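A short write-up of the structure that comes next.
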Protein chains: 2
Amino acid sequence: MIVLDDRADDRTRADRLVGDVTDGILSGLFAPGDRLDEASLAERYGVSRTPVREALRRLASSGLVETRPRRGTVVASLTPERLAELFGAMAELEATCARLCALSMSPVERRRLEDHHAAMETLVSAEDVDGFVSANLAFHTQIYAGAHNGHLAEIAAGLRTRLMPYRRAQFRMAGRLPRSHAEHGAVVSAILAADAGAAHGAMLRHVSLVEDSFERLALRRPR
Amino acid sequence: MIVLDDRADDRTRADRLVGDVTDGILSGLFAPGDRLDEASLAERYGVSRTPVREALRRLASSGLVETRPRRGTVVASLTPERLAELFGAMAELEATCARLCALSMSPVERRRLEDHHAAMETLVSAEDVDGFVSANLAFHTQIYAGAHNGHLAEIAAGLRTRLMPYRRAQFRMAGRLPRSHAEHGAVVSAILAADAGAAHGAMLRHVSLVEDSFERLALRRPR
DNA sequence: CGGGGACATATTGTATGCAATTAAAGTCTT
DNA sequence: AAGACTTTAATTGCATACAATATGTCCCCG
């Protein structure tokens with residue numbers, strides 16, 4: 001039997017739609033406030049309304065879109081206040097993870113974190129923004145994992161993806177790379193020294209500074 | 001003209017099912033590990049499979065049930081490790097909120113918190129467990145609100161609800177009421193003194209102790 | 001007597017049709 | 001001409017039918 005492109009994996013259509021629509025939102029194809037009409041999405045992706053509905057419901061529970069009964073779904077548009085809350089929550093969560101890392105990371109984990117941070121130095125000198133962005137994600141993921149609390153890690157990672165679209169241009173700001181790297185250094189040192197308070201503070205400062213740079217960006221290009 | 005309770009019932013069937021099935025799980029009607037078959041649920045609640053599916057998906061995203069593609073849905077059974085993670089995450093979140101309270105509660109909020117705590121003294125002396133449980137929820141809710149971060153508050157409140165069934169019997173343990181009240185006292189003092197570190201520590205200890213008492217309970221009555 | 005495989009059954013995933021509700025356009029009255 | 005009511009179009013909510021897949025059973029073979 002000839003199997004067309006449809007049978008690549010056992011993921012359901014709704015699963016794939018969640019990914020596709022998420023990408024659409026993150027890429028700007030669907031802008032905040034845009035109406036996500038079930039029939040149009042179904043046609044666009046070549047499926048029926050049923051899996052589209054399921055995907056939209058899941059996106060709603062993750063906060064990427066907002067659905068009101070019988071009134072349809074729109075891409076979530078975050079008010080500046082709400083956005084600040086999300087950034088603040090993420091900063092606190094990451095700081096908490098860093099604190100737990102300082103307390104409970106295994107020697108191997110500490111070593112890997114140190115190595116990873118050292119390796120990022122190269123990316124900074126080369127001004128390899130894309131490489132840094134990707135390594136940065138890995139760095140923070142290591143922090144989540146080092147907290148040894150899967151649920152905290154889930155929450156933090158979820159928040160990070162959700163805030164991704166609002167952070168894209170950040171690392172392209174002049175001098176942001178070396179600064180981020182230096183801040184990472186403070187976090188790593190504190191964790192290696194098992195200084196919980198310092199790790200918390202350093203991470204809180206780091207993520208909050210990223211937030212600041214976002215806000216300056218947002219002010220320059222409102223809406 | 002006559003627009004009294006327009007909010008009467010715009011809830012969808014799926015909305016109601018989420019509530020019903022949640023109650024069923026929390027009340028023990030559906031035990032962890034039980035299979036939640038779409039057709040049976042549809043018949044039981046007198047609806048079609050469509051809203052049942054939607055409700056199950058939402059419950060899955062809240063963590064109350066687990067769904068695997070083409071393999072159906074079962075009531076989530078938390079392993080002891082997973083449960084410990086959830087309690088740990090809640091402890092950290094509440095501690096973070098307490099820390100933020102110490103830093104940023106308004107004078108009015110501090111006053112209200114102090115008053116509320118003082119009023120709980122009466123419930124302790126009277127050994128009014130139900131009253132204390134309810135006042136306890138209000139106490140922690142004030143802490144969430146005092147952090148001035150709606151998203152953190154949402155996460156913390158969600159976790160608290162999810163863990164509710166595992167905490168029910170706790171306050172009935174001998175001597176738990178006065179002890180909890182004393183721990184609250186430490187938190188309140190630290191917040192009133194604007195001592196962020198102490199507030200964090202006191203809340204972390206408080207919630208972790210509650211967790212301990214749960215674990216002793218769970219060990220005594222396994223499954 | 002045990003194991004592997006084909007078949008049967010049950011359950012989920014998807015599509016489609018209909019009903020209910022909302023938002024909007026148009027009409028009528030004052 | 002402005003506002004309110006009626007009507008109309010569009011979209012969501014729900015039900016049902018069909019398709020695809022996992023699970024359980026039975027038989028055959030070793």
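In this text the structure is predicted, and so the values were computed from the model without any measurement. Per chain, numbering begins at 1; letters A, B, ... match sequence-line order.
Considering only the side chain of V47(A), dA15(C) comes nearest among dG13(D), dG13(C), dA15(C). Of the candidate nucleotides dT21(D), dA15(C), dT22(C), dT21(D) has the atom nearest to the side chain of R70(B).
In this structure, S48(A) reaches the dA15(C) phosphate: one of its side-chain N or O atoms is under 4.0 Å from OP1 or OP2. Between T12(A) and the phosphate of dT14(C), there is a side-chain N or O to OP1/OP2 separation shorter than 4.0 Å. R13(B) has no side-chain polar atom (N or O) that falls below the 4.0 Å cut-off from OP1 or OP2 of dG13(D). Checking the phosphate oxygens (OP1, OP2) of dT11(C), no side-chain nitrogen or oxygen of R71(B) falls inside 4.0 Å. Note on R35(A): a side-chain N or O is less than 4.0 Å away from OP1 or OP2 of dT12(D).
If you take SG on C97(A) and NE2 on H140(A), they are separated by 11.0 Å, rounding to the nearest 0.5 Å.
Taking the six-membered ring for Trp and the full ring otherwise, H184(B) and H116(B) have centroids separated by 6.0 Å or more.
Between the side chain of E38(A) and the backbone N or O of R53(A), no donor-acceptor pair lies under 3.5 Å.
Between the C1' atom of dA15(C) and the CZ atom of R53(A) lies a distance of 14 Å, rounded to the nearest Å. Distance, R57(B) CZ to dT12(C) P: 10 Å, rounded to whole Å. Between the CD atom of E54(A) and the P atom of dA15(C) there is a distance of 12 Å, given to the nearest Å. R68(B) has its CZ atom 16 Å from the P atom of dT11(C), to the nearest Å. With rounding to whole Å, Y45(A) atom OH is found 15 Å from dA15(C) atom P. To the nearest angstrom, P of dA15(D) lies 13 Å from CD of E38(B). Between the CD atom of E43(A) and the C1' atom of dT11(D) there is a distance of 15 Å, rounded to whole Å.
Closest heavy-atom contact between L29(A) and R44(A): CD2-NH1, 3.6 Å.
With contacts defined as side-chain heavy-atom distances shorter than 4.5 Å, the pair E154(A)/Y144(A) does not qualify.
For R49(A) against dG13(D), a side-chain N or O and a base N or O form a donor-acceptor pair under 3.5 Å.
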